[in-house]
Amino acid sequence: MMLEPGQIAAIAGKEFRDRIRNRWVLAVALVFTAFALVIAYFGAAQQGAVGFASIEVTIASLVSLVIYLIPLIALILGFDAIVGERERGSLDLLLSMPITRLELLLGKYLGLATALALSTVAGFGLVGMMLLTEFDFNALFHYAGFVLTSVLLGMSFLSMAIAVSVFAADRTRASGLAIALWFFFVLVFDLLLLGALVATGGRTGGEILPWLMLANPADVFRVLNVFSLDEVRSLYGLSTVFPEGLAAPWKLALVMVLWIVAPLAVAAHGFER
Amino acid sequence: MESILLPTLEPAAVRVPVAPAVAPPAATATAAGADPIIRVRGVVRDFGAVRAVDGVDLAVKSGELFGLIGHNGAGKSTLFRMMLGLLAPSSGEIEIDGCRSSARAFRDVRRRIGFLPENVVLYDNLSALETLQFFARLKGVPAHACAALLERVGLEACGRRRVREFSKGMRQRLGFAQAMLGDPRLLFLDEPTSGLDPEAIRRFYATLRELRADGVTVVLSSHILAEIQERVDRLAVIARGRVQAIGSVAELRDRADLPIRFEVRVAAAHFAAVRDALGHLPVLSIEARDGHVAVQCRKDAKLAVIAALARLGELIQDISVREPSLEDVFFGISE
């Protein structure tokens, strides 16, 4: 099937401009900046120190923040992309245009994804620049990796949100479903894994645990950031569970990309019918 | 009223022979004319257990101004959505400009179609001009065409204002401008005048006449008959998901064969004289009312009734004749 990039760009452009104009991008970027600053300076407070500690500790703290915040923001951003148009009654007019449903869906996704990516990069980028004097090259590399994976994390949950917006019958249900997804992936999933591990006394499941973690983009994000940092790695003791074969960042990044593509593909399939 | 019970007849029979004296030549010419630009055949659409559209056949000729008349919930909007390829028929098929509305190639047909949905919803956060520019981009129409369209619907002074501040009528006009983007060959207008004030309605139909003169085919729906009956070439009465009747206004009126009503104003003393004068004629009813006699007769008895009344001379103070309105025809057909 032929895709017309111009049509996708027209939809994406509108979505992106909408988020710029209603200051969504600015607000989210400021939230990221504020949280990141607070964490950078007080993140080591548990260790009894205040002030910028080390890049490892800073990133580890930021990861725990981002893992809650970004999925939530992404889900809220995307849950009404399609169902909102349908409920307001503007979807018919859009679809009467010379545009395919797939182009509309991709346009929506790309526009929202650009807005989220811009907020993320701007918000954390600003903090990165403030910390520039504290960073060596290695730290900068890790921080850039953190920002990039944060963007990927946002994209994957946005992709799920778009799927929700296609399948939900109305906006209320869509928002409920989005929150349920957040609950499951961010709060419940790890508990279940941990519970399973404890219940079996850690004897069984030890080998499949890392694979199960791939089933959650939030966990993939955590592993990606934690494993790139030797200090944190031993801190978490994760190296014992995670096989070397899976730990390569590019493989994990590939899994993240899969988590972006798969929900979108499901959404596209559902929207065509 | 047997001629009204068209729904039970099969579609071919709906095109009932038309009395040549009544049918305007133009109407017969279009009925037999060029290939239809819209062809709807045996279209059914179910929503769960509800059959919204129940075996509709329609053919709209190129350049025709075609009306769809029906109550809310009669199936008009569902029919529109299927003709636009937004909804697949449960069975049957729809061809627009020779292309199946379910086909991939229908995207290109859409470039030549303008659509104004019922109760059009636009984006509150955009200005009128931005709204048009957004849709223009989707339709591949250059952005500079938008200002002229705003002028055409009388919104040239509001181009920079946000749609949020617009009244229902202004939104409707902006929606109409949107439908005209890219000089479409075919316009689908679902309840286009709802929310418009009389001046805007007049202006809307003036624009429609211009479009028609340019050869644009227009399908518009309404439940206000008085408004469209003088303005469409042909119309279809839709009720309960079916085409109950189709034809020009004159044809429909003819086919419904509703009674003509006379109000004969006479002094009460002469009521009997009127009754006597009409007694031998095939009238349907004669009733004495307050200050007049109400007479109902079939169309074919109309002249005889007038002649008989004229013979009463100065006894009669005044006569008013009320032809059945399309409203009567419509309710006769769709009830």
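Chain letters run A, B, ... following the sequence lines, proteins first and then strands; every chain starts at 1. Only this structure's heavy atoms are used, side chains among them; waters, hydrogens and symmetry mates stay out. All figures in this text were calculated on a predicted structure; none of them were measured in a lab.
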- Side chain to side chain, A:M97 and B:K139, heavy atoms closer than 4.5 Å: yes

- Task: Measure B:R81 against the heavy atoms of chain A and call it side chain, backbone, both or neither at under 4.5 Å.
- Result: side chain

- Item | chain A contact via B:L122 - which portion, at a heavy-atom distance below 4.5 Å | both

- Note on the structure: Smallest heavy-atom separation, B:R137 atom then A:G6 atom, equals NH2-O, 4.3 Å

- Task: Using distance alone, with no hydrogens and no angle criterion, decide if A:D18 and B:N125 have a side-chain donor and acceptor under 3.5 Å apart.
- Result: yes

- Message: Show the nearest heavy-atom pair for residues B:L84 and A:S96, with the distance to one decimal.
- Response: CD2-CB, 4.4 Å

- Note on the structure: In this structure, CG of B:L86 is separated from CG of A:L91 (nearest 0.5 Å) by 8.5 Å

- Message: Is B:F135 in contact with chain A via its backbone, its side chain, both, or neither, using a 4.5 Å heavy-atom distance?
- Response: both

- Task: Using non-hydrogen atoms and a 4.5 Å limit, figure out which bit of B:L138 sits close to chain A: side chain, backbone, both or neither.
- Result: both

- Query: For B:E130, is it the side chain, the backbone, both or neither that has a heavy atom under 4.5 Å from a heavy atom of chain A?
  - Reply: side chain

- Message: Once rounded to the nearest 0.5 Å, what's the spacing between atom CZ of B:F115 and atom CG of A:L94?
- Response: 11.5 Å

- Taking every heavy atom of B:V120 against every heavy atom of A:L93, the minimum-distance pair comes out as CG2-CD2, 4.1 Å

- Query: Can you name the nearest heavy-atom pair linking B:L126 to A:K14, along with the distance?
  - Reply: CD1-CE, 3.8 Å

- For B:F134 against A:A10, the heavy-atom pair lying closest together: CE1-O, 3.7 Å

- Note: B:R107-A:E4 ion pair, threshold 4.0 Å (strictly below): yes

- If you count the non-hydrogen atoms of other residues, nucleotides and ligands that lie under 6.0 Å from CG in B:D183, is the total more than 12? no

